[in-house]
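Everything numeric in this text was worked out from a predicted model, so none of it was measured. Heads up: numbering here begins at 1 and tracks the sequence.
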Amino acid sequence: KLINIIAITMIVNIITLWVIEILNPNIIPTYPSETSRIFDIYVSLIIYTGVFAIFAVTAKNNYIKQYELAQQSDRLKSAFLANMSHEIRTPLNGIVGFTQLLMNSYLDKNQLEYMLTINESAKTLMEIINDVLDFSKIESGKLELSKEELNLYKLTHQVIDLFKNQ
């Protein structure tokens with residue numbers, strides 16, 4: 001945007017001076033010769049072009065810096081997601097393991113139902129964490145797909161059981 005404003009300002013400046021020179025030639029001092037007037041125009045044009053080039057290079061360098069910062073931020077985000085997913089998975093595995101141990105002990109019907117809900121919720125949360133990791137892998141181009149069978153009947157009942165008590 002700044003470069004466009006500067007370019008427009010330079011063009012308007014040149015046109016304004018040209019119009020003033022044509023409409024009222026006495027305002028601008030006369031040149032000793034036509035050659036010196038043309039020389040002045042070309043020098044001004046070279047100066048304006050140089051200033052414009054400096055601003056263009058500055059804008060390009062600023063763009064490159066911002067792009068590199070965005071790339072670094074993306075890498076840091078991916079590393080953060082991977083680290084946090086690992087940190088969350090560790091205690092979640094403990095929850096899944098202990099709920100399975102409790103389900104193998106003597107529980108009444110309600111307690112067993114609660115433990116099944118806790119176990120399924122923990123597994124669902126683990127899948128969400130894995131999905132977040134997969135999303136991070138997709139962004140970095142490192143995701144490997146695998147074909148797996150899906151038991152839609154079982155999945156539907158798991159979802160129903162998950163929300164049955166709520």
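Looking at Ile20 and Thr16, their side chains come closer than 4.5 Å, going by heavy atoms from C-beta outward. Under the 4.5 Å side-chain criterion, counting only non-hydrogen atoms from C-beta, Thr124 is not in contact with Gln158. By the 4.5 Å heavy-atom criterion applied to side chains, Lys123 and Ser121 are not counted as neighbours. The shortest side-chain heavy-atom distance between Thr117 and Asp161 does not fall under the 4.5 Å cut-off. Annotation: side chain of Met126 is in contact with side chain of Asn93 (closest heavy-atom distance under 4.5 Å).
Nearest heavy atoms, Ala122 versus Val96: CB-CG2, 3.5 Å.
In the hydrophobic clustering of ILVMFWY residues, with side-chain heavy atoms under 4.5 Å counting as a link, Val51 and Ile41 come out apart. Hydrophobic clustering (side-chain heavy atoms under 4.5 Å, transitive across Ile, Leu, Val, Met, Phe, Trp, Tyr) groups Leu107 together with Ile118. Hydrophobic clustering (ILVMFWY, side-chain heavy atoms < 4.5 Å, transitive): Tyr114 and Leu102 are in distinct clusters. Residues Ile38 and Val43 are members of separate hydrophobic clusters, defined by side-chain heavy-atom contacts under 4.5 angstrom among Ile, Leu, Val, Met, Phe, Trp and Tyr. Residues Val19 and Ile22 share a hydrophobic cluster, clusters being chains of Ile/Leu/Val/Met/Phe/Trp/Tyr side chains in contact below 4.5 Å.
Put simply, NZ on Lys60 and CG on Asn62 are 13.0 Å apart, with the number rounded to the nearest 0.5 Å. Taking CE of Met115 as the start and CZ of Phe98 as the end, the distance is 11.0 Å to the nearest 0.5 Å. Put simply, CG on Leu23 and CH2 on Trp18 are 9.0 Å apart, with the number rounded to the nearest 0.5 Å. If you take OH on Tyr67 and CD on Gln72, they are separated by 13.5 Å, rounding to the nearest 0.5 Å. To the nearest 0.5 Å, the span separating OG1 on Thr49 from CD1 on Ile54 amounts to 11.0 Å. With values rounded to the nearest 0.5 angstrom, Leu125 atom CG is found 7.5 Å from Ile88 atom CD1.
With hydrogens and angles disregarded, no donor-acceptor distance shorter than 3.5 Å links the side chain of Ser73 to the backbone of Leu69. A donor-acceptor pair under 3.5 Å is formed between the side chain of Gln111 and the backbone N or O of Asp108.
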Intermediate values then yes/no, side-chain contact (heavy atoms from CB on, under 4.5 Å), Tyr48 and Asn13: CA-CA 10 Å; Tyr48 281 138; Asn13 187 9; 2.3 Å; yes

Leu116 and Glu113: side-chain contact (heavy atoms from CB on, under 4.5 Å), yes or no, with the steps? CA-CA 5 Å; Leu116 286 170; Glu113 192 174 306; 5.5 Å; no

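Screening Ile15, Ile8, Thr9 for a side-chain contact (heavy atoms from CB on, under 4.5 Å) involving Ile11 leaves a single residue, Ile15.
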